[in-house]
Structure formats: structure tokens, C-alpha cells
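This report concerns only the one structure given below.
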Amino acid sequence: MPLMPKRVKFRKQQRGKLRGNAHRGNFVAFGEYGLQFLEGGWLTARQIEAGRIAARQYVSREGRLFVRVFPDKPISKKPLETRMGKGKAEPEYWVARVKPGTVVYEILGVPRDVARLAFARVSHKMPFKCRFVEKRHA
Amino acid sequence: MSTATQPKIQAEVRDRTGTRYAARIRSQGKLPAVIYGHKKDPVHVATDAKALVDLLHNNAHLIEVEVAGKTEPCLVKDIQWNHLGSKIIHIDFARVDLTEEVAVELEVELIGLAAGLKEVGAVLDQSTNKIQVKCRADAIPEKLTHDVSEMGVGDSLLVSGLTLPAGMTAVSDPDTLIAHLSVTKVEVEEEEEVAAEGADEPAVIGKAEGEGEDKAEGEDK
């Protein structure tokens, strides 16, 4: 089941703007290796879940996987063959806003080559360019 | 441990500061930096980027910076990275006296293979990689090492459990967790549970059950 909030203050949101780069959540904080996004945009809950399953299936029971983003923005969509107007449509799905530099997945307790292959599989599920990163030591 | 001779780097004074001038300096293969502390005026400098980054990758904390023929020992106080975390864009140096005690953040490296890792699904989770310590400026080690070969499943390593070199005290909270060895549980697919709850839409805070938005809109009209 894709992620979504349990409780919200308002059911619908305006689209908003997504400007600039990530200045938070842009380094590997919990694991040893991570998948960093090089582009920004909306990452849907289904895409997050697809990536999580792809990584989890590859490493099976080994290691620990962290998902660093949460889809907290509802996106409305009008039903097919509906005329324009009559107010804002119902929320259809949830997205996380991702800026360039955001580390979306992290993994801990697996060898480097395994982590690299796992994230290569995840990157095929992602709608943006991404790259493999390691924990910063300097 | 640091040797008696500290790594040395040359720097030149920057006359103009600001985003654009800093960007120009970076394009020339230099790195903008600032030196401050000891109740003296701050000095904006530019250093050779490659030499300084090499020093930092080797965990140098204390660097002798030569500016206009005058050398002063400086502590690497802060490092700024670009948004992708791939390039250093600015360094803060703090002037220090070699005999004074300074607070510095040191990396904790866990060495050895923990005994508990032989169990299937066991993971050594190092939740804290750096801790704050206090020691003499001329006795700052590159990093702290701790042998975890005796750690079993369920064991934890706290800051208080680290063996620090003589003359060094931990500033970080002694109860801070550094590493924990645990066995990961098999992830249970939660699909059925969520489907049973029927939670396809989140609850709205401040609205009673059954009081939908549509109803409220209808009343307005």
C-alpha cells in the first residue's frame, strides 16, 4: 500500500512551486549508501513504494533500508469526460516534493556492490535522474 | 595522533567578497575561506582547492595557514558543501593557540567484525558517526577508533563506552547511542491490514466523522 498521511488539516492543496536545490536531506545520514536525485519534481507514493520493493527484493533480508521522503501533498484529478468547472476535483494520489540533491533511499549493512546493484534497480523505477552516493567522511 | 608538525597551506587575502566573487575564485581552482577568532578581525582568504581538499580527506583538523608571510595555526571549524554534497565550496578556520583546549568534532570508526554479525539478518547500525570531544589543540587525533569485535546481538555502544585517549574528554551526551547490533525483522506486507481499515483517505483534523467537505460546501450555497 503506498504511503500517505494518517491525518491532514486540509484535504486539498494548491499546486505550489518547486524552486531551488535541496539544502536539507542532501547527504547520507542513516545508512552507508544512498540514492540521490539530480532533478526535482513530484515523486508519487506509488513510485516510492515501487522503489522500496525493488531494493528490498534485491537485498532480500539483508541490511536495513531507509526511505527519506514522505508523500504529504495531495494531487487532485478531474474524472474523465467531465466538463471544466464545478470546483476543485477530489484528491487522486499523494506526492513527495523532491529537489535536486535529495537523498531518497539509504541502505545499511550490505556490501557496496550489492547496494550499488540494488539502487541501480531502484533508479529504473524513478522518474528522475539519480545517482549512487556514499556516506561523506571528510 | 597529530604529529608535531601540522600540515601547512598557503592562502591569499581576498579583497572582494560575495557570491559572484567567490564563484570566480572557485572557477580559478581556488577555495574561498575565512579566518576568525581570538578577538582579531576576520580575514577573507582564498586557498588552493586541491591541496586543502586533500588535507581534509585525510582528516586534518589543525592546519597552519600562511597569509601574507604570517603563519597561524587554525582549526577547521566549518565546511560548506554544494547542494549535491560533491564539492566543498567554503571553509571556516578558527585561530587557535596550540596549548589551549578546544572542542572538536571527531569521526568514530568502528573496527573489527562484531561477533553478533555472524547471525542471519544481523546489522550493525552506526547511528552516530561524529562526536564532540575536548582536548589540546596540538593533540587532536585524526579520528577515534573503537573495536567492536566483542559486540553481540542486542548490544549497544554509547559515548560513555568509548575509550578516549589520555587528556581527552567527551562533550557529547554520554548516553548518546553510537552503534547498535540488531537482527532485522522480516518485513510484513501491510497491504491487507490497511485494506481492512479502509483508510483510502486521511482523516481531516478538526472535523467530526461523517462531516465531509461537500456537505459544508452545500450549506454555504
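- Remark: the backbone N or O of Glu109(B) is not paired with any side-chain donor or acceptor of Thr145(B) at under 3.5 angstrom.
- Only the backbone of Asn82(B) comes within contact range of chain A, with heavy atoms under 4.5 Å apart.
- Using a 4.0 Å cut-off between charged side-chain N and carboxylate O, Glu72(B) and Arg95(B) make a salt bridge.
- Scanning residues 66-85 of chain A against chain B with a 4.5 Å non-hydrogen threshold yields no residues.
- Taking 4.5 Å as the heavy-atom cut-off, the residues of residues 97-106 of chain A that approach chain B are Pro100(A), Gly101(A), ordered by number.
- Side-chain contact, Ser127(B) with Asp125(B): no donor N or O sits under 3.5 Å from an acceptor N or O.
- Not a single donor-acceptor pair under 3.5 Å links the side chain of Lys12(A) to the backbone N or O of Pro91(A).
- One distance of note links CD of Gln6(B) with CG of Leu75(B); it measures 10.5 Å at 0.5 Å rounding.
- Among residues 34-45 of chain A, the residues having any heavy atom closer than 4.5 Å to a heavy atom of chain B are, in sequence order, Gln36(A), Phe37(A), Leu38(A).
- Put simply, the side chain of Asp155(B) gets close to the backbone of Gly152(B): a donor and an acceptor are under 3.5 Å apart.
- With hydrogens and angles left out, the side-chain atoms of Ser156(B) and His180(B) include a donor and acceptor closer than 3.5 Å.
- Using a distance-only test at 3.5 Å, with no hydrogens or angles considered, a donor-acceptor pair links the side chain of Arg14(B) to the main chain of Ala33(B).
- Residue Phe27(A): no heavy atom, backbone or side chain, is found under 4.5 Å from chain B.
- Under the 3.5 Å distance criterion, the side-chain polar atoms of Ser172(B) are matched with a main-chain donor or acceptor of Gln132(B).
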For this session: May I have the step-by-step check of side-chain contact (heavy atoms from CB on, under 4.5 Å) for Glu134(A) and Arg112(A), ending in yes or no?
Result: CA-CA 9 Å; Glu134(A) 294 181 31; Arg112(A) 188 180 186 280; 2.5 Å; yes
Problem set entry | Candidate pair Val104(B) and Val76(B), rule side-chain contact (heavy atoms from CB on, under 4.5 Å), full reasoning | CA-CA 9 Å; Val104(B) 64; Val76(B) 179; over 6 Å; no
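- Look at Asp138(B) and Arg136(B) and you find a salt bridge, because one of the NZ, NE, NH1 or NH2 atoms lies within 4.0 Å of a carboxylate O, short of that distance.
- For residues 114-128 of chain A, heavy-atom neighbours of chain B at less than 4.5 Å comprise no residues at all.
- Thr176(B) places a side-chain N or O within donor-acceptor distance of the main-chain N or O of Asp173(B), the cut-off being under 3.5 Å.
- His90(B) and Asp92(B) are linked by a side-chain donor-acceptor pair at a separation below 3.5 angstrom, with hydrogens and angles left out of the test.
- Contact of Leu124(B) with chain A is made through the backbone alone, with heavy-atom distances under 4.5 Å.
- The backbone N or O of His83(B) lies less than 3.5 Å from a partner atom in the side chain of Asn26(A), making a donor-acceptor pair.
- Not a single donor-acceptor pair under 3.5 Å links the side chain of Asn58(B) to the backbone N or O of Ala60(B).
- Proximity of a side-chain donor or acceptor of His61(B) to a complementary backbone N or O of Glu142(B) within less than 3.5 Å is detected.
- Arg52(A) has a carboxylate O that lies under 4.0 Å from a charged side-chain N of Glu49(A), or vice versa, which qualifies the two as a salt bridge.
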